[in-house]
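These notes are about the structure you will find just below.
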Protein chains: 2
Amino acid sequence: MITLEDVAAFAGVSRATVSRVVNGDSKVKAATRSKVEAAIAEMGYSPNPAARALASNQSQMLGLVTPSYGGGFFGALMDSVQSEAEASGKQLLVTQGRDSADNEWQAIQRLYNLRCDGAILHVRALSDEKLCRLAQDGRQFVVLDRQISGLEDRCISFDHYQASQLAAQTLLARGHRQIACISGPKSRVSSRIRRQGFLDAMQEAGIEPVACMEGDYDLQSGYQQADLLLRQHRPGALYCCNEEMALGALLAISEHRLSIPQDISVICYDSGERAAFVRPALTSIHFPITDMARFATRLLLTPDAPRETFAPRLIERDSVRSV
Amino acid sequence: MITLEDVAAFAGVSRATVSRVVNGDSKVKAATRSKVEAAIAEMGYSPNPAARALASNQSQMLGLVTPSYGGGFFGALMDSVQSEAEASGKQLLVTQGRDSADNEWQAIQRLYNLRCDGAILHVRALSDEKLCRLAQDGRQFVVLDRQISGLEDRCISFDHYQASQLAAQTLLARGHRQIACISGPKSRVSSRIRRQGFLDAMQEAGIEPVACMEGDYDLQSGYQQADLLLRQHRPGALYCCNEEMALGALLAISEHRLSIPQDISVICYDSGERAAFVRPALTSIHFPITDMARFATRLLLTPDAPRETFAPRLIERDSVRSV
DNA sequence: CTGAAAGCGCTAACAG
DNA sequence: CTGTTAGCGCTTTCAG
């Protein structure tokens, strides 16, 4: 491996000067700079990140903690974060939180032991207190899809309650009255919030839901719960709390020989992977997780970046009819 | 941040000794060792990876280049590689090749510039020559799902031709004669191989395929091609060259009011994410990519690890009937 | 604008 | 078994 020193010797300057041009320091005469740049190109020099990290006490690495690697969701999130990070010359280190507070905590510690300069935390089991303590310890991080009092300026959140209300209201506004829902596991706060938003919107309209099933956010549970639902009831509309379950529900609906939206309308959460790509394209409430992740990364890199907000938005496609 | 030196002072030994216990060097008296370990625990010491990398010229990082982050496939692959890497105390750096030779090459270079100790390459656009050159340059790497002459000992491959033959033969053996196929894009070598395996098996049996559609390995193309297929023909069996397209095909089949396997049998590639989880569970040819990835990682870490082979295997589930 | 010099925290001979 | 001594390749004052 060729080093700074080699380049300096070749270019006939000091190591400090090479370091300056590599780091884009302005205080270098143009002639010197180009001489050095030529040497760098010629020799194919590439700085040693370890040496750089050691000397500067900055690893140029960002950490990302995500619940799991499953589902199409994760890849999109990672892509989003990584492209933003790389645009600033940072590397990304990814770990799984696996939905347990202990694991999430360990994942975070691992990241900091690795000397990440900062981290994007998509954690749901870890307590607010732990996160606050982390902040007090001077750790750089932002929290994705969560609101923590005292840490508002580091939280990128989304109003799931409102999103679910919007889903129910959309169905209601189209004249539906026989409405069912497949929610995520009640064990998770965020699932309960989505569920509640739906329930409250229904209650506000004075309509009793046909059913409110509990799924697990995966394809299989979407299928199972929809199948169960259709065996017992005959809802005119169904709200699925994520895309993957909606896909499962689609399979079940087809199997029951029902057409969308003629026999049953479907609306779902939409994180951008699939809702638009199935037929009929699914009307959905957009959950802009990739935009949120992108902004989270930006915020981590530039703490004074202008604040962005992310509101639930209805995307009308072909799976909801008016009655 | 607390350093080796701090621990040494606290424990009343030299830095070298602390280094030895941290690195599990055996030549340390038990009493000294426990004294040091106590100090480490007490102080919450964690070695600085940059300093370690600089001094030892080993980053303890492994690189992974993968075509993209889309699909359920990628998460499983990454999970597999990462858990194997972490078991050996290595960190993982992931990049996307994006199906272009230039991008793949750049991704690889980036990884080595980052001083990865080795890399797992899942690249399909990059030429064999480039890969051979990389090997000549003394780079450590293994190649996933590909066979390169001259690099046999670094390649973890899978016989896609045989896998596709097996799919066709299975259908044939069950008495099917009206058989169609949805393959991947012809622009990719590996897709063409799968396609050819199917075609050859059919020809060998003296049966003309009903059709052989070209998809794009995604949900949407699976749906579209299946829909197209069903509008024009009435196949008794369908072979989909990956899971995602099979899922799309399922949607189209349902929409055409056809039942699986009563009206149409379906067999597909199975990378382990979904085939088992839809209803009916899909009979499939298992493509053990996660096992292959795990082994690839092991091979990278232990070049003399006992060789494993990965053969296509039929998993009978509920989507193929006998006629 | 450029160079000299002092580390960053750790590993790895080499002595003892 | 343990300590001493050099660096690893880079950044960063501080002079000039």
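Convention: sequence-line order gives letters A, B, ...; per-chain numbering from 1. We use all heavy atoms of the structure for the numbers below, so side chains are in, but hydrogens, waters and symmetry mates are not.
- When each of Leu4(A), Asn57(A), Val22(A) is checked for a side chain to side chain contact (heavy atoms under 4.5 Å, CB included) with Arg52(A), only Val22(A) meets the rule.
- Residue Thr17(A) places no side-chain N or O under 4.0 Å from the OP1 or OP2 atom of dT2(C).
- A distance below 6.0 Å separates the ring centres of Phe74(B) and Tyr69(B).
- The CG-C1' distance, from Leu54(B) to dC8(C), rounds to 9 Å in whole Å.
- Of the residues listed (Val94(B), Ile120(B), Thr290(B), Leu64(B)), the one engaging Leu77(B) in a side chain to side chain contact (heavy atoms under 4.5 Å, CB included) is Leu64(B), and it is the only one.
- A salt bridge is absent between Asp137(A) and Arg139(A): the closest approach of a Lys/Arg side-chain nitrogen to an acidic carboxylate oxygen does not fall below 4.0 angstrom.
- In this structure, Lys27(B) reaches the bases: a heavy-atom distance under 4.0 Å links it to at least one base atom across the strands shown.
- Residues from residues 44-52 of chain B lying near DNA chain D, meaning a heavy-atom separation below 4.0 Å, are absent.
- Nearest approach of Ser80(A) to Arg294(A), heavy atoms of both residues: OG-N, 3.4 Å.
- Of all non-hydrogen atoms in Phe10(B) and Ala39(B), the two that sit nearest each other are CD2-CB, 3.5 Å.
- Both Ala30(A) and Ala55(B) lie close to DNA chain C; mapped to their nearest nucleotides by heavy-atom distance, the more 5′-ward contact belongs to Ala30(A).
- Separating the CG atom of Asp25(A) from the C1' atom of dT2(C) is a distance of 11 Å, rounded to the nearest angstrom.
- Residues of residues 3-14 of chain B that place a heavy atom closer than 4.0 Å to DNA chain D, in numerical order, are Val13(B), Ser14(B).
- Counting only N and O atoms by type, the side chains of Ser191(B) and Tyr217(B) include a donor and acceptor under 3.5 Å apart.
- Using a 3.5 Å distance cut-off with no hydrogens or angles, the side chains of Gln147(B) and Ser157(B) do pair a donor with an acceptor.
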Q: Carefully, step by step, assess Glu104(B) and Lys130(B) under the rule salt bridge (charged side-chain N to carboxylate O under 4.0 Å, His left out).
A: CA-CA 11 Å; Glu104(B) 290 178 348; Lys130(B) 285 272 193 190; over 6 Å; no

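- For the pair Asn23(B) CG and dC10(C) C1', the interatomic distance rounds to 9 Å; values are reported in whole Å.
- What you find for Glu308(A) and Phe295(A) is that their closest heavy atoms are N-CZ, 3.4 Å.
- Look at Asp145(A) and Arg124(A) and you find no salt bridge, because none of the NZ, NE, NH1 or NH2 atoms lies under 4.0 Å from a carboxylate O.
- Overall bending of the helix from dC1(C)-dG16(D) to dG16(C)-dC1(D), expressed as the angle between end axes built from five pairs apiece, is 30° (10° steps).
- Salt bridge status for Asp153(B) with Arg307(B): absent, with no side-chain N to carboxylate O gap under 4.0 Å.
- Considering all non-hydrogen atoms of both residues, Thr95(A) and Ala107(A) come closest at OG1-CB, 3.5 Å.
- In 5' to 3' order, the nucleotides of DNA chain D bounding all contacts with chain B (an atom under 4.0 Å from a heavy atom) are dC1(D) to dG9(D).
- Applying the side-chain contact (heavy atoms from CB on, under 4.5 Å) test to Arg98(A) and every residue at least two apart in sequence or in another chain returns Gln96(A), Asn103(A), Asp79(B).
- Within a 6.0 Å radius of CD in Glu5(A), no more than 12 heavy atoms belonging to other residues, nucleotides or ligands are found.
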Atom pairs under 3.5 Å, N or O on each side, protein against nucleotides 14-16 of chain C: can you list them with distances?
none

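- In this structure, the side chain of Ser56(B) engages the main chain of Gln58(B) through a donor-acceptor pair within 3.5 Å.
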